[in-house]
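Structure first, commentary second.
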Protein chains: 2
Amino acid sequence: MASSTVENYLKHILLLSETADGLVPMGALATSLDVVPGTATTMVKALADEGLVAHRPRQGVRLTPEGRQVALTVLRKHRLVETFLVNVLKMDWAEVHAEAEQLEHAISDAVLNRLDALLGHPTTDPHGDPIPSRLGKMDSQVYATLATCVLDRPLRIVRVTDQSEEFLQFAEQNGLRPGARLRVVDRNLAAGLVNLRPPTGDPIPLSLAAAGRILVAPGK
Amino acid sequence: MASSTVENYLKHILLLSETADGLVPMGALATSLDVVPGTATTMVKALADEGLVAHRPRQGVRLTPEGRQVALTVLRKHRLVETFLVNVLKMDWAEVHAEAEQLEHAISDAVLNRLDALLGHPTTDPHGDPIPSRLGKMDSQVYATLATCVLDRPLRIVRVTDQSEEFLQFAEQNGLRPGARLRVVDRNLAAGLVNLRPPTGDPIPLSLAAAGRILVAPGK
DNA sequence: CGCGCTATTTTGATTAGTCAAAATAAATCT
DNA sequence: AGATTTATTTTGACTAATCAAAATAGCGCG
Ligand SMILES: [Mn+2]
Ligand SMILES: [Mn+2]
Ligand SMILES: [Mn+2]
Ligand SMILES: [Mn+2]
């Protein structure tokens with residue numbers, strides 16, 4: 001059985017390889033896991049010995065099919081747990097990430113499947129992050145962000161890709177959660193500012209950086 | 001923060017000191033935790049340095065008030081998790097112990113309290129084990145067992161004190177769960193046998209050893 | 001081509017938790 | 001009391017995971 005440390009390494013490699021060509025540099029991995037680079041190198045070599053990753057010295061690391069399977073299961077547990085905590089226990093979506101970080105390693109497959117059924121087999125978690133299916137399929141559709149989408153068209157928020165408590169709290173406050181409707185009224189590249197118009201209420205000003213962390217799709 | 005190892009040591013010391021004069025011998029602790037005696041000695045000395053236990057060399061170990069508080073919280077988590085798994089996720093009462101053994105270390109106090117509320121502040125878990133209150137109070141009433149109670153009187157099962165899957169499966173099969181009504185029709189010390197009569201259906205024969213693991217109270 | 005910057009790897013130590021086996025203390029039995 | 005058995009403690013060694021700091025490999029650049 002993989003230790004929680006191993007599970008975390010694999011999960012982070014999976015997440016980081018989404019935003020790259022598949023090869024994750026050691027530095028990025030170390031930063032993401034909050035360890036020093038030497039530690040990541042050592043661990044990755046051990047994971048390679050176990051057949052969970054392939055290590056290209058001085059270039060980076062990628063998951064093997066077996067490692068990917070483990071990582072997907074951990075991610076599935078993480079996101080289903082978050083969904084449970086928000087939908088059933090009514091916890092704040094800003095605090096569930098830290099909880100799930102621990103619980104993802106403590107949940108058996110039996111509990112996982114019961115939770116999945118209880119929640120009605122959801123495909124996204126409270127932040128809009130896709131939940132891998134039992135078979136390891138995960139929606140990887142590419143969405144526009146509030147920083148890149150067309151102006152003045154009806155939009156629907158599909159995902160908030162910043163897990164930090166502060167950002168989530170701010171988003172919550174302004175009704176910026178998955179499913180919410182809005183338009184981007186204008187964008188000022190020079191000032192780095194975006195103005196949003198929700199269906200009702202005041203316009204919402206947002207930095208371009210923040211806008212880039214909210215994914216949207218065209219919506220009625 | 002206490003590691004899961006530390007939490008397990010404290011919880012086992014708590015449980016073992018219920019069935020003794022409060023001083024738990026190293027041998028018993030080691031057996032209970034499935035480690036070799038030297039390991040228990042080493043760990044207990046470390047726990048003593050942290051002020052969580054008091055160690056009487058060559059005699060045994062007891063919890064300090066701080067250690068007891070930690071142990072009670074872990075036990076509360078364990079039993080509330082078991083209750084959740086059975087009552088909400090509809091898992092089998094024979095399998096939840098192993099699950100809770102892991103989850104008890106991964107649940108935050110925030111989740112603990114939400115679970116408690118969701119379940120309606122239960123005072124016993126699916127096996128009838130008492131759940132310590134948020135303040136660390138735990139019912140410690142002493143009950144008779146099916147091996148020691150009076151004959152031919154209406155009884156109510158209050159607790160099944162054998163966590164093994166086999167025993168719980170057997171008990172389930174025969175309706176021997178907390179809340180169930182029955183009588184002890186006779187007891188044969190020589191043969192080591194007890195005969196139970198449920199309200200309906202066939203009499204149930206049971207060994208004295210097994211009978212001693214089912215706690216009962218006089219019941220309508 | 002050679003120099004220097006940066007990312008990575010290596011080396012040597014450390015911590016938590018464990019076991020095997022030897023040493024010791026305590027209890028029990030002649 | 002002295003010898004024997006049993007429980008506990010000590011010692012030495014090991015594994016997983018980590019860090020600090022030194023060594024190295026690649027690069028980009030003049
Ligand atoms: Mn984690
Ligand atoms: Mn999420
Ligand atoms: Mn445990
Ligand atoms: Mn129980």
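Heavy atoms only: backbone and side chains are in, while hydrogens, waters and symmetry mates are out. Sequence lines set the chain letters: A, B, ... in the order given, protein chains first and strands last, and positions in each chain run from 1.
- Taking atom CG of residue B/Leu29 and atom C1' of nucleotide C/dT18, one finds them 14 Å apart after rounding to whole Å.
- Here D/dT18 presents its P atom at 13 Å from CE of A/Met26, a figure rounded to the nearest Å.
- The side chain to side chain contact (heavy atoms under 4.5 Å, CB included) test with B/Tyr9 singles out one residue from B/Val35, B/Val70, B/Leu14, and that residue is B/Val35.
- OP1 or OP2 of D/dT9 has at least one side-chain nitrogen or oxygen of B/His55 nearer than 4.0 Å.
- Nucleic acid contact class of B/Thr41 (heavy atoms, under 4.0 Å, all strands): base.
- A donor-acceptor contact under 3.5 angstrom links the side chains of B/Gln163 and B/Asp129, judged on distance only.
- Summarising the geometry, the separation between NE2 on B/His105 and P on C/dG17 is reported as 12 Å, rounded to the nearest angstrom.
- Residue B/Ser3 places at least one side-chain N or O closer than 4.0 Å to OP1 or OP2 of C/dG17.
- Residue A/Arg58 has its side chain nearest to C/dT9 when only C/dT18, D/dA20, C/dT9 are considered.
- The distance from atom CE of A/Met43 to atom P of D/dT18 is 6 Å, rounded to the nearest whole Å.
- Summarising the geometry, the separation between CG on A/Leu23 and P on C/dA7 is reported as 17 Å, rounded to the nearest angstrom.
- Checking the phosphate oxygens (OP1, OP2) of C/dA16, no side-chain nitrogen or oxygen of B/Tyr9 falls inside 4.0 Å.
- With C/dT10, D/dA17, D/dT10 as the choices, the nucleotide that has an atom nearest any side-chain atom of A/Thr42 turns out to be C/dT10.
- When side chains are defined from C-beta on, B/Val184 counts as touching B/Val194, because their heavy atoms get closer than 4.5 Å.
- Ranked by how close their nearest DNA chain C nucleotide is to the 5' end, B/Glu50 and B/Gly38 are led by B/Glu50.
- Going from atom CG of B/Leu47 over to atom C1' of D/dT9 covers 16 Å, rounded to whole Å.
- Each of A/Ser4 and B/Arg56 lies near DNA chain D, and the nucleotide nearest B/Arg56 is the one positioned closer to the 5' end.
- One interatomic measurement links the two molecules: CG of A/Leu52 to C1' of D/dA16, which rounds to 15 Å at whole-angstrom precision.
- Side-chain proximity of B/Pro57 to C/dA20, D/dT9, C/dG17: nearest is D/dT9.
- Taking the nucleotide of DNA chain D with the nearest heavy atom to each of A/Asp34 and B/Lys45, the more 5' of the two is matched to B/Lys45.
- When the nucleotides D/dT9, D/dT18, C/dT18 are ranked by their closest atom to the side chain of A/Thr39, D/dT18 comes out on top.
- Distance B/Met1 CE to C/dT15 C1': 18 Å, rounded to the nearest Å.
- Tested against A/Glu101, the residues A/Lys77, A/Lys11, A/Arg79 include a single salt bridge (Lys or Arg N to Asp or Glu O under 4.0 Å) partner, A/Lys11.
- The six-membered or imidazole ring of A/His97 lies near that of A/His78, with a centre-to-centre distance under 6.0 Å.
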